[in-house]
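In what follows, a structure is listed as C-alpha cells, so that the remarks can point back to it.
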Number of protein chains: 2
Amino acid sequence: MSEPTTEPSSAPRKPGRPSRPPLTEAMIAQAALEIIDEHDWQSCTMKALAQRLGVRAPSLYHHVAGQHEIVDLVRKLVVSEIHDPAILDLPAAEAMWQFGIAYYRAFAKHPNTIQLLSTTPIRDRDTLQMYEVFLQALVRGGWDKQRALEALLGLEHLALGFAFEWNAEDLMLDPVAAAAHGAPLVAEITHDRTNQNAIAESTFRSLLGRYIAMFEMEAGDQSL
Amino acid sequence: MSEPTTEPSSAPRKPGRPSRPPLTEAMIAQAALEIIDEHDWQSCTMKALAQRLGVRAPSLYHHVAGQHEIVDLVRKLVVSEIHDPAILDLPAAEAMWQFGIAYYRAFAKHPNTIQLLSTTPIRDRDTLQMYEVFLQALVRGGWDKQRALEALLGLEHLALGFAFEWNAEDLMLDPVAAAAHGAPLVAEITHDRTNQNAIAESTFRSLLGRYIAMFEMEAGDQSL
DNA sequence: ACCTGAACACCGTTCAAGT
DNA sequence: ACCTGAACACCGTTCAAGT
C-alpha cells in the first residue's frame with residue numbers, strides 16, 4: 001500500500017544531498033499521467049498525486065495554480081506524442097492521414113485520458129499550435145477554412161471514439177448487463193472484444209482512409 | 001436566487017392537499033436534465049437537485065439508490081428522444097440514416113449531457129434495447145456483426161463530436177485563447193462559429209451520408 | 001411512507017507557521 | 001524557496017429521529 005519512493009526519515013546517507021529531488025512541473029505531469037493510465041482521472045486527486053511524489057497535497061500548489069493546470073499538463077504530455085510540425089509541408093490528404101494515425105495511437109495508449117481531455121476546454125499553447133499546424137496544412141492545400149475545421153473535429157472524434165471503445169477499462173457496453181436486459185445481440189457482439197484490440201488500429205486505418213477520401217471528394221465538388 | 005416552487009410555510013390553502021406532490025423518479029429525472037441543460041453536469045449536485053424539487057438532499061435517497069442512478073435516468077430521457085423500434089424493419093442504410101439523424105438531434109438539443117453520458121457505462125434497459133434494435137437492423141441486412149458494431153460506434157462518436165462542438169456552452173476551442181497563443185488560423189476559424197449552429201445539422205447530414213456509403217461499400221467488398 | 005437534521009469521510013484549496 | 005498541519009467550504013451518503 002505504501003509507496004516505494006523516498007521517505008525523509010529513514011536514510012540520511014549523503015548528508016549534503018536532499019533525499020527527494022525538488023518538485024518540478026514535469027514530474028507532476030508525469031505522475032498525473034501515470035495515475036490516470038493505471039486507474040482513471042477520478043483517482044488522480046491532489047492527495048494521491050502528492051503521495052506518489054512523496055509530498056503532501058498543499059505542496060503541489062507551490063508549482064501549479066490548481067487542478068485545472070494539471071489537466072493542461074497532462075494534455076501537453078499526450079499532445080507531445082501526436083504533434084509533428086512536419087505535416088505542415090505535406091499534401092492535405094497526407095497530413096490528415098499522418099495526424100489521424102498519430103492521434104489515434106496516442107489516445108489508444110492513454111485511453112483513460114479521453115474522458116478528461118475530450119471534455120475540457122483547451123487553453124495550452126502546445127495543443128493550440130498542433131491545431132494551427134494541422135489547419136494550415138489543409139488551407140495551404142486549397143481547402144475551405146470551415147471545411148478544414150469540420151474535417152479536424154470529425155477526425156478527432158472518430159479517433160477518440162475508436163480509441164476509447166476498444167481500449168478503455170470501463171467499457172461503455174458490458175456484455176453481462178446487455179444479456180441481463182434482453183439485448184442478446186449486443187451481448188454476443190461485445191463478448192468477444194477482449195483480444196480484438198490488436199485489430200482495432202487496422203479497423204481505424206480503413207475507416208480513416210475512407211474518411212479522408214470523403215472529404216477530398218467534397219473539396220473537389222465545392223472549393224476547387 | 002430562491003426558487004419559485006412551493007415552500008411549505010407560506011400558503012396553507014386547500015388544507016387537505018399536500019403543497020408539494022410526492023416525489024417520483026420521473027420528476028427527479030426531469031429536474032436533473034433541466035439543471036444539466038441550463039448549466040452542466042457538475043452543477044447537478046444532490047443539493048441543487050433537491051432544492052429544485054423543494055426538498056432536502058437526503059430525501060432523494062428514498063427514490064434513487066445514489067447519484068449513479070440519476071445518470072441512468074437522464075440517459076433514459078435522452079434515449080427516449082432517439083429510440084424508434086421501427087428502424088428494425090428498414091434496410092440497413094436507411095436504418096443508419098434514421099438513427100444517426102435522431103441521435104444527432106437529441107444530443108444537439110442536450111449538448112451538456114454529452115460529457116456525462118459518453119463516458120459512463122451503460123446499465124439501463126432502454127439504452128441497451130436501442131442498441132439491440134439498431135444492430136439487429138444491420139445484421140438482418142446481411143452485415144457482419146463486428147462490422148455492425150464498428151458502424152454503430154463510429155456513428156455515435158461522429159454525431160457526438162459534432163453535436164458537442166457546435167452546441168456546447170464551453171467550447172473546446174476558444175478564439176481568444178487561440179489568438180493569445182500564436183494560433184491565428186485557429187482563432188479566425190473558430191471566431192465566426194456563433195451563428196453557424198443553423199448549418200451544423202446540414203453539415204452533419206452530408207458527413208453522415210458519406211459515412212453510410214463508406215460502410216456499404218466495405219460490406220459489398222467483404223461480406224456479400 | 002416519506003422527509004429531515006446531524007454526522008461522517010472525502011474532496012480542492014488557503015494560509016500561517018515552520019525549515 | 002519549499003514544505004507542512006490545520007482549517008474551511010463543499011461534496012455524496014448514512015441514519016436515527018420525526019410526522
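Chain letters run A, B, ... following the sequence lines, proteins first, then strands; residues in each count from 1. Keep in mind it's a predicted model, so treat the numbers as computed, not measured. Note: hydrogens, waters and symmetry copies are ignored here, and every other heavy atom, side chains too, is used.
- Looking at every heavy atom in both residues, A/L158 comes nearest to B/G154 through CD1-O, 3.9 Å.
- None of B/K109, B/R105, B/K76, B/R75 except one satisfies the salt bridge (Lys or Arg N to Asp or Glu O under 4.0 Å) rule with B/E81; the exception is B/K109.
- Side-chain proximity of A/L23 to D/dG12, C/dC2, D/dC3: nearest is D/dC3.
- Each of A/P58 and A/H62 was assigned the nucleotide of DNA chain D with the nearest heavy atom; the assignment lying further toward the 5' end belongs to A/H62.
- OP1 or OP2 of C/dC3 sits under 4.0 Å from a side-chain N or O of B/H63.
- Candidate nucleotides D/dC3, C/dG5, C/dT13 were compared by shortest atom distance to the side chain of A/V55, and D/dC3 ranks first.
- Here the P atom of nucleotide C/dA7 and the CE atom of B/M46 are 21 Å apart, to the nearest Å.
- Using a 4.5 Å heavy-atom cutoff, the side chains of A/T119 and B/L116 are not in contact.
- Listed pair B/H68 / D/dG12 fails the phosphate criterion, with no side-chain N or O lying under 4.0 Å from OP1 or OP2.
- Remark: C1' of D/dT13 and CD1 of B/I70 are 12 Å apart, rounded to the nearest angstrom.
- The distance between atom CG of A/L60 and atom P of C/dG12, rounded to the nearest whole Å, is 10 Å.
- Nucleotide D/dC15 holds its C1' atom 18 Å from the CZ atom of B/R56, rounded to whole Å.
- Inspection of the B/Y104 and B/E201 side chains reveals no N or O donor paired with an N or O acceptor under 3.5 Å.
- The partner of D/dC15 is C/dG5, judged by Watson-Crick or G-U wobble contacts that both fall below 3.5 Å.
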Let's go through A/H110 and A/V74 carefully: what are the C-alpha distance in whole Å and the side-chain angles of both, what is the deciding distance for side chain to side chain contact (heavy atoms under 4.5 Å, CB included) to 0.1 Å, and is it a yes or a no?
CA-CA 10 Å; A/H110 306 287; A/V74 171; over 6 Å; no
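- Rounded to whole Å, the distance from OH on A/Y61 to P on C/dA16 is 17 Å.
- The CD-P distance, from B/Q67 to C/dA9, rounds to 20 Å in whole Å.
- Between A/S59 and the phosphate of D/dC2, there is no side-chain N or O to OP1/OP2 separation shorter than 4.0 Å.
- Computed from coordinates, the A/Q42 CD to C/dG12 C1' distance equals 15 Å when rounded to whole Å.
- When the P atom of D/dC10 is taken as reference, atom NZ of A/K47 falls 22 Å away, rounded to whole Å.
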